[in-house]
2 protein chains.
Amino acid sequence: MRNSRSDVVEAALRVLDDHGLEFCSMRRVASALEVQPSALYHHVPNKQTLLALMADEIVRGVATTGEDPAAVCRSLRGALLSIRDGADVVATASAFRLGASSVEARLAQLVGADGARTLLLYTFGQAQATQTQMQAYAIGALPDYPRGDPAGDLAGGFDRGIAIILAGLEASGR
Amino acid sequence: MRNSRSDVVEAALRVLDDHGLEFCSMRRVASALEVQPSALYHHVPNKQTLLALMADEIVRGVATTGEDPAAVCRSLRGALLSIRDGADVVATASAFRLGASSVEARLAQLVGADGARTLLLYTFGQAQATQTQMQAYAIGALPDYPRGDPAGDLAGGFDRGIAIILAGLEASGR
DNA sequence: ACCTGAACACCGTTCAAGT
DNA sequence: ACCTGAACACCGTTCAAGT
């Protein structure tokens with residue numbers, strides 16, 4: 001039973017979610033597929049390309065059909081947070097090179113190019129910070145969170161940031 | 001002539017700027033200091049800690065004395081861009097865990113906590129995207145930039161994003 | 001206090017060879 | 001087309017030992 005390129009990408013995403021980016025090595029992906037490391041290079045030219053394919057997959061599910069830019073941003077944030085180190089993978093593999101992504105295109109229709117870019121980069125930075133902080137709490141590196149629910153506070157902060165940006169776009173007449 | 005912890009951090013920053021994060025290994029830092037790799041562990045418990053110290057150093061120079069929040073953000077962006085892969089290093093080493101940074105504290109004085117966080121995370125995402133894109137152009141991976149100056153366009157986009165956020169804060173009455 | 005030398009368990013990638 | 005096996009030049013980290 002032999003593998004396809006999407007088998008490799010799927011396996012890589014499983015390894016990422018189970019072990020984190022630090023341990024998402026070609027050799028571990030290979031052994032998840034019960035295959036020699038060198039076999040991966042039949043499907044993918046190098047690790048960088050594999051990471052880019054993973055980033056595309058992570059972003060693929062984002063809902064871009066609605067009319068509410070905040071909802072698009074929340075959906076993007078959800079996708080980035082749905083997998084361990086997802087924000088980091090998408091950041092460095094850069095599924096957002098130039099204005100190529102469909103998410104940015106949709107946001108640009110709704111609020112213009114500058115607004116789209118601002119919303120996108122904020123969402124991105126916020127998701128990354130969220131994931132870094134949640135991991136720090138999980139490790140116990142930030143032991144005493146001031147009473148309560150870090151994930152909820154982080155999400156609330158995100159919504160307020162999006163509201164500020166949308167208010168700014170409204171004020172400058174779109 | 002023996003080394004101190006700051007010698008190690010300085011050497012690591014030189015290696016980072018010369019070769020990039022991918023090749024900024026403990027072994028390369030060691031050989032830059034003409035020392036065995038194991039010697040580094042006398043000054044630093046592990047690589048992660050070294051990266052955090054590097055991140056602190058990168059952010060240390062940011063000008064936080066002025067009254068203009070946009071100027072603080074521009075200074076932060078400048079610091080992140082002043083060294084190769086600087087935005088990535090600060091992002092993942094996360095000098096912005098909780099609200100610990102002096103930059104965030106100063107911005108919070110000027111525009112409140114939510115505004116500070118929004119400005120900071122946007123600045124952060126934008127710097128990272130800038131660095132990723134500039135590197136792509138340097139490699140030639142994005143061969144045909146539509147006539148002109150990528151760095152300037154990126155900086156212009158940054159200023160417009162900051163203006164949008166500040167307008168939003170103004171509109172929501174600070 | 002700061003360093004060497006050797007070792008351990010890993011990496012990404014290439015390449016000839018198999019089916 | 002897809003894979004194995006072996007090799008190359010690397011990693012981070014530990015630990016006994018030196019000065």
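Order of the sequence lines sets the chain letters (A, B, ...), proteins ahead of strands, with each chain counted from 1. These figures come from a predicted structure and were not determined experimentally.
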> Does Pro69(B) reach the side chain of Leu166(B), with side-chain heavy atoms less than 4.5 Å apart?
Replying inline: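 Yes, close enough: below the 4.5 Å cut-off.
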> Does any non-hydrogen side-chain atom of Asp159(A) lie less than 4.5 Å from one of Arg74(A)?
Replying inline: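 Side-chain contact under 4.5 Å: yes.
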> Do you know the tightest heavy-atom contact between Arg5(B) and His43(B)?
Replying inline: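 Between these two residues, the closest heavy atoms are NE-O, 3.2 Å.
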Interatomic distance where [atom1] belongs to [X] and [atom2] belongs to [N] [whole Å]:
X	N	atom1	atom2	answer
His42(A)	dT13(C)	NE2	P	17 Å
Arg2(B)	dC2(C)	CZ	C1'	4 Å
Lys47(A)	dG12(C)	NZ	C1'	8 Å
Tyr41(B)	dA1(C)	OH	C1'	19 Å
Leu40(B)	dT4(C)	CG	C1'	13 Å

> Should the pair Arg77(A) and Phe158(A) be classed as cation-pi, given the thresholds of under 6.0 Å to the six-membered ring centre and 45° from the axis?
Replying inline: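 Arg77(A) over Phe158(A) ring: yes.
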Short side-chain N/O contact to [N] OP1/OP2 from [X], under 4.0 Å:
X	N	value
Asn3(B)	dC2(C)	no
Gln36(B)	dC3(C)	no
Asn46(B)	dT13(D)	no
His43(B)	dA1(C)	no

>> Would Asp88(B) and Gln131(B) count as a side chain to side chain donor-acceptor pair (under 3.5 Å) here? Give the steps.
In response: CA-CA 9 Å; Asp88(B) 265 303; Gln131(B) 234 158 17; over 6 Å; no
> Can a salt bridge be assigned to the pair Asp17(B) and Arg84(B) using a cut-off of 4.0 Å between side-chain N and carboxylate O?
Replying inline: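 So Asp17(B) does not pair with Arg84(B) through a salt bridge.
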> In residues 20-34 of chain B, which residues come under 4.0 Å of DNA chain D by heavy atom?
Replying inline: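 Residues of residues 20-34 of chain B that come under 4.0 Å of DNA chain D are, in numerical order, Ser25(B), Met26(B), Arg27(B), Arg28(B).
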>> Whether the Gln126(A) and Thr130(A) side chains hold a donor-acceptor pair (N or O, under 3.5 Å, no angle test) is what I'd like checked.
In response: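 The criterion, which ignores hydrogens and geometry beyond distance, is satisfied for Thr130(A) and Gln126(A).
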> Checking side chain to side chain contact (heavy atoms under 4.5 Å, CB included) against Leu119(B), which of Val111(B), Asp114(B), Leu110(B) comes through?
Replying inline: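 The single option meeting the side chain to side chain contact (heavy atoms under 4.5 Å, CB included) with Leu119(B) is Val111(B).
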>> Let me check something: do Leu81(B) and Val62(B) share a hydrophobic cluster, defined by ILVMFWY side-chain heavy atoms less than 4.5 Å apart, either directly or through other members?
In response: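 Different clusters: Leu81(B) never reaches Val62(B) through Ile, Leu, Val, Met, Phe, Trp or Tyr contacts under 4.5 Å.
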>> Requiring both pairing distances under 3.5 angstrom, list the stems that contain DNA chain C and are made of three or more consecutive Watson-Crick or G-U pairs.
In response: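 Paired runs of 3+ in DNA chain C: C:4-8 with D:12-16, C:12-16 with D:4-8.
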